**Q** 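Handing you this structure, nothing more for now.
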Amino acid sequence: MDVKTQIKNQIQETLKEKFDYEIGVDEIRLERPQNEEHGDWSSNIAMQLTKELKKSPKEIAEKIIEELDLEGEIEVSIAEPGFINFKLPGRIYTENLGKILEEKELYGNNTRLSGKRIMVEFAHPNPFKSFHIGHLRNIILGESIVRMLESQNADVIRVNYQGDVGMHIAKNLWAFMDIDPKDYPKTADEKTKLLGELYAKGATAFEEDEKARAEIKEINRKIYTKEDPGINQLWELGKTWSLEKFHEIYERVYTTFEREYFESETLDLIDKPIEKAKEKRILKESDGALIFNGEEYGLDIRVFVNSQGLPTYEGKELGLAVLKNREYGIVDLHIHNVAVEQKSFFAVTFKVKELLWPEEFKNRQYHNAYEFVGLKKGKMSSRKGNVVLGNDILNIAHERIGEIIKDREEIDGKEETAEIVGVGAIKWSFLKISPFKYLAFDLEESVNFEGDSGPYIQYTYARAASILREGGNNEKAGKVEFDAAKYTQKLSAEEEKLLKWLERFPEVVEAASKEYMPNYIATYLFELSQKFNSFYKNNIVLKENEKEIRNFRLALVKATSLVLKRGLDLMGIKTVEKM
RNA sequence: GCGCCGGUAGCUCAAUGGAUAGAGCAACAGCCUUCUAAGCUGUAGGUUACAGGUUCGAGUCCUGUUCGGCGCACCA
């Protein structure tokens, strides 16, 4: 039994004995005091119960601690107005240090989601359109969510769903048809640039030109029917161009997909569920379209098949559900990592899927509605061809890092280092803030490498790596060759803070994975780095004469480097040994 | 009109209903004669948008106001 559970059980028993008051263990909450001087754990139970027990919080707290029978030298104290604070013996933390060194990169994992199959759908860029800063937030967040779930022992299915049919394509093809194949660009960058321009041209024409609008609608129809070989060919070509570029980006951000779905694949599968939905009166006709009237569920009205008889995005979602079920059967949870602007869409399609296929979908769907990305300066619009491209951002970060390290002789692979650190800087800037908060992206700030930044953490890791490299055999440094109980007496302030902070990692990972908030990990790692750097400044490791202290510090450095690396890994960020 | 999200230091963000609201950046002042200065130490910076309420205790919960973002039938 861990310390936390022991304390809770004891409080529960004491309340029963002393006050004849029954309370569930889960209702007793132990908190981490913000101020570490208040101890390692804190309980507010005495204040909570003042009314019910009709006694002052202090009185209750005093009675509780009188009766507590805790094992293992836990210090208990009372603070105004009635907090009960627990201070754990140093031994717990030195023992945990041994645990980290033993478990290595598995430290922090748990088995909360063992046996669960979770499908995470993320990225979804649309072919023919650009992969912009919004997609970057999506894929970086999605990748981290996948890794966090895997750390909880879930069996994760990574999928991507991409819109390769619909009006946005038709707008593009309308402009695409005017390009002479002789003028087709050669490089992937030029190709995607052209596609972006074509979309902007088509979208503008659609809005401003009556004739163009009719033509685009006709192209859209032909995309669905596949009756026009010329259009089919252009469609294939543009899609290939797009996907080539998308895969380049996936690779750069260390993402892979087990299955990439396309809207075009769903088209043949839509009729059946639509029929079924009509029979069950889930969908109804209205003004020539087939709609779901969500009002009775407090939801919006949304169109599943338009009055032209073409399925909308909503309709295709039903086809996708059929396809997924066919390929993967029932999964425990479907996570859709899609920005908050689609909240209404998911609320409705979730409800329809649940009504159609309760066994497969009821209580098995979650829309991770993360917030929008915008620019701190200026506005973005793909319609106007004015977008910040994902790749450009990564390139700029890469270049900036390249400049910084170009004169550092000790770094071997400068290009690779610049890439890893550059990508890390961008990922960090996205993940360090809550996903559920609007992100005002500022390129200058995200490539600022000081303080709360990816490179700062990576740099801290490299410092640790450097000590371990020069400390000789890493394996040996990884062994704690000292008497843990005795050594705690001699800890410096920095050592103690670092040691204690390392022990929190597993609970941070668990909370982050439960709430889909990688920023918890970022905050933790930043504080870990600060504590390590402070330790680094004031506690010499390699030149320490006393062998016992030297070994302890090497162990501490090793453990810190393991946790830094693992934490960054959960965020989808790589480390370098030298930078 | 209805719904969802947000407003915390000059800027970007933290803060499971808890103890003195914390960081980073920017500004200012220090530290390279110890393992990487992408580092460390310090100073300054706050009516937590506003007004009520609930609570032993509110940045956090409730109500209203206000400002901003997003969404609400044939786009995805």
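Reminder, nothing fancy here: chain letters follow the sequence lines and each chain counts from 1. Bear in mind that the values here come from a model prediction, so they are computed numbers and not experimental data.
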**Q** How is A:Ser434 classified with respect to the nucleic acid when contacts are heavy atoms under 4.0 Å: base, sugar-phosphate, or nothing?
**A** sugar-phosphate
**Q** Indicate, with a heavy-atom threshold strictly under 4.0 Å, whether A:Met167 touches base, sugar-phosphate, or nothing.
**A** sugar-phosphate
**Q** In whole angstrom, give the distance that lies between atom CZ of A:Arg32 and atom P of B:A19.
**A** 17 Å
**Q** Determine the contact category for A:Val340: base if any of its heavy atoms lies under 4.0 Å from a base atom, sugar-phosphate if only primed atoms, P, OP1 or OP2 are that close, otherwise nothing.
**A** nothing
**Q** Take the protein atom CD1 of A:Ile467 and the nucleotide atom C1' of B:U34, then report the distance between them rounded to whole Å.
**A** 11 Å
**Q** Remember a base hit wins even if backbone is also touched, and classify A:Gln530 as base, sugar-phosphate or nothing at under 4.0 Å, heavy atoms.
**A** sugar-phosphate
**Q** For B:C32 and A:Tyr536 - does any side-chain N or O of the residue sit under 4.0 Å from the phosphate oxygens OP1/OP2?
**A** no
**Q** Look at all strands and tell whether A:Asp164 reaches a base, only sugar-phosphate, or nothing, counting heavy atoms closer than 4.0 Å.
**A** nothing
**Q** If we take the C1' atom in both B:A37 and B:G18, what is their distance in whole Å?
**A** 39 Å
**Q** What nucleic acid atoms does A:Tyr456 come within less than 4.0 Å of, heavy atoms only: base, sugar-phosphate, or nothing?
**A** sugar-phosphate
**Q** Are A:Tyr313 and B:A76 close enough that a side-chain N or O sits under 4.0 Å from OP1 or OP2?
**A** no
**Q** Side chains of A:Asn85 and A:Lys87: does their closest heavy-atom pair fall under 4.5 Å?
**A** no
**Q** Where the side chain of A:Glu470 is concerned, which of B:C40, B:U36, B:A19 is the nearest nucleotide?
**A** B:U36
**Q** Checking all strands, does A:Glu577 fall into the base, sugar-phosphate, or nothing category for heavy-atom contacts under 4.0 angstrom?
**A** base
**Q** Identify whether any heavy atom of A:Leu290 sits under 4.0 Å from a base atom; if not, whether one sits that close to sugar-phosphate; answer base, sugar-phosphate or nothing.
**A** nothing
**Q** Look at the side-chain N and O atoms of A:Gln342 and state whether any lies under 4.0 Å from the OP1 or OP2 oxygen of B:C4.
**A** no
**Q** Taking the P atom in each of B:G39 and B:G1, what is the distance between them to the nearest angstrom?
**A** 50 Å
**Q** From C-beta outward on A:Ile433, which listed nucleotide comes closest to its side chain: B:C40, B:A37, B:A14?
**A** B:A14
**Q** With both distances under 3.5 angstrom, what nucleotide forms a Watson-Crick or G-U wobble pair with B:C56?
**A** B:G18
**Q** Which nucleotide, in any strand shown, forms a Watson-Crick or G-U wobble pair with B:G1, with both distances under 3.5 Å?
**A** B:C72
**Q** Would you say A:Lys437 places a side-chain N or O within less than 4.0 Å of OP1 or OP2 belonging to B:A14?
**A** yes
**Q** Is the centre of the A:Tyr456 ring less than 6.0 Å from the centre of the A:Phe526 ring?
**A** yes
**Q** Side chain of A:Ser534 only, please: which of B:U41, B:C75, B:U55 is the nearest?
**A** B:U41
**Q** Should the pair A:Arg463 and A:Phe532 be classed as cation-pi, given the thresholds of under 6.0 Å to the six-membered ring centre and 45° from the axis?
**A** no
**Q** Kindly assign one of parallel, tilted or perpendicular to the pair A:Trp501 and A:Tyr524, based on the angle between their ring planes and the thresholds 30° and 60°.
**A** parallel
**Q** Between the base of B:G39 and the side chain of A:Asn533, is there any donor-acceptor pair under 3.5 Å?
**A** no
**Q** Can you see if the side chain of A:Thr523 gets near the phosphate of B:A14 - specifically, an N or O under 4.0 Å from OP1 or OP2?
**A** no
**Q** A:His168 near the nucleic acid: base, sugar-phosphate alone, or nothing, with a heavy-atom cut-off under 4.0 Å?
**A** sugar-phosphate
**Q** Classify the side-chain pair A:Tyr461/A:Glu577 by whether it contains a donor and acceptor separated by less than 3.5 Å.
**A** yes
**Q** From the options B:A76, B:A38, B:G18, select the nucleotide whose nearest atom is closest to the side chain of A:Ile404.
**A** B:A38
**Q** With sugar-phosphate meaning primed atoms plus P, OP1 and OP2, does A:Thr312 contact a base, only sugar-phosphate, or nothing at under 4.0 Å between heavy atoms?
**A** sugar-phosphate
**Q** State whether A:Phe262 and A:Lys239 meet the cation-pi test: NZ (Lys) or CZ (Arg) under 6.0 Å from the six-membered ring centroid, and within 45° of the perpendicular axis.
**A** yes
**Q** Given the side-chain rings of A:Phe449 and A:Tyr459, with only the six-membered ring counted for Trp, is the space between their centroids under 6.0 Å?
**A** no
**Q** Would you mind pulling out the nucleotide paired to B:U41, Watson-Crick or G-U wobble, both distances under 3.5 Å?
**A** B:A29
**Q** Of all the nucleotides listed (B:U36, B:A38, B:C74), which has the minimum atom distance to the side chain of A:Pro455?
**A** B:A38
**Q** Can you say whether a donor on the side chain of A:Ser286 sits under 3.5 Å from an acceptor on the base of B:A73, or the other way round?
**A** yes
**Q** Can you see if the side chain of A:Lys316 gets near the phosphate of B:A76 - specifically, an N or O under 4.0 Å from OP1 or OP2?
**A** yes
**Q** Could you check whether A:Asn306 gets within reach of a base, just the sugar-phosphate, or nothing at all, counting any heavy atom under 4.0 Å?
**A** base
**Q** Which base, if any, makes a Watson-Crick or G-U wobble pair with B:G6, both distances under 3.5 Å?
**A** B:C67
**Q** Which part of the nucleic acid, if any, lies within reach of A:Phe526 when heavy atoms closer than 4.0 Å are counted: base, sugar-phosphate only, or nothing?
**A** sugar-phosphate
**Q** Of all the choices, B:C40, B:C35, B:G71, which nucleotide is nearest to the side chain of A:Asp300 once you look at every atom?
**A** B:G71
**Q** So, for A:His135 and A:Phe246, is the gap between ring centers shorter than 6.0 Å?
**A** no
**Q** Could one point to a donor on the side chain of A:Arg400 or the base of B:A38 with an acceptor on the other under 3.5 Å away?
**A** no
**Q** Using only side-chain N and O atoms of A:Arg469, determine if any of them is under 4.0 Å from OP1 or OP2 of B:U36.
**A** no
**Q** CD1 of A:Ile401 versus P of B:A38: gap in Å, rounded?
**A** 12 Å
**Q** Hey, is the side chain of A:Arg553 poking within less than 4.0 Å of OP1 or OP2 on B:C35, counting only N and O atoms?
**A** no
**Q** Between B:A19, B:U36, B:A14, which nucleotide gets closest to the side-chain atoms of A:His38?
**A** B:A19
**Q** Given B:A37, B:U12, B:C74, which nucleotide is nearest the side-chain atoms of A:Asp287?
**A** B:C74
**Q** Looking at every strand, decide which applies to A:Glu527 at a 4.0 Å heavy-atom threshold: base, sugar-phosphate, or nothing.
**A** nothing
**Q** Nearest to the side chain of A:Asp452, heavy atoms from C-beta on, is which of B:G24, B:G39, B:A38?
**A** B:G24
**Q** Would you classify A:Asn293 as touching base, sugar-phosphate or nothing, given that sugar-phosphate means primed atoms plus P, OP1 and OP2, and contacts are heavy atoms under 4.0 Å?
**A** nothing
**Q** Can you see if the side chain of A:Lys51 gets near the phosphate of B:C56 - specifically, an N or O under 4.0 Å from OP1 or OP2?
**A** yes
**Q** Quick one: sort the A:Phe346 and A:His367 rings into parallel, tilted or perpendicular, breaks at 30° and 60°.
**A** tilted
**Q** What nucleotide among B:U36, B:U34, B:A38 has an atom nearest to a side-chain atom of A:Val421?
**A** B:A38
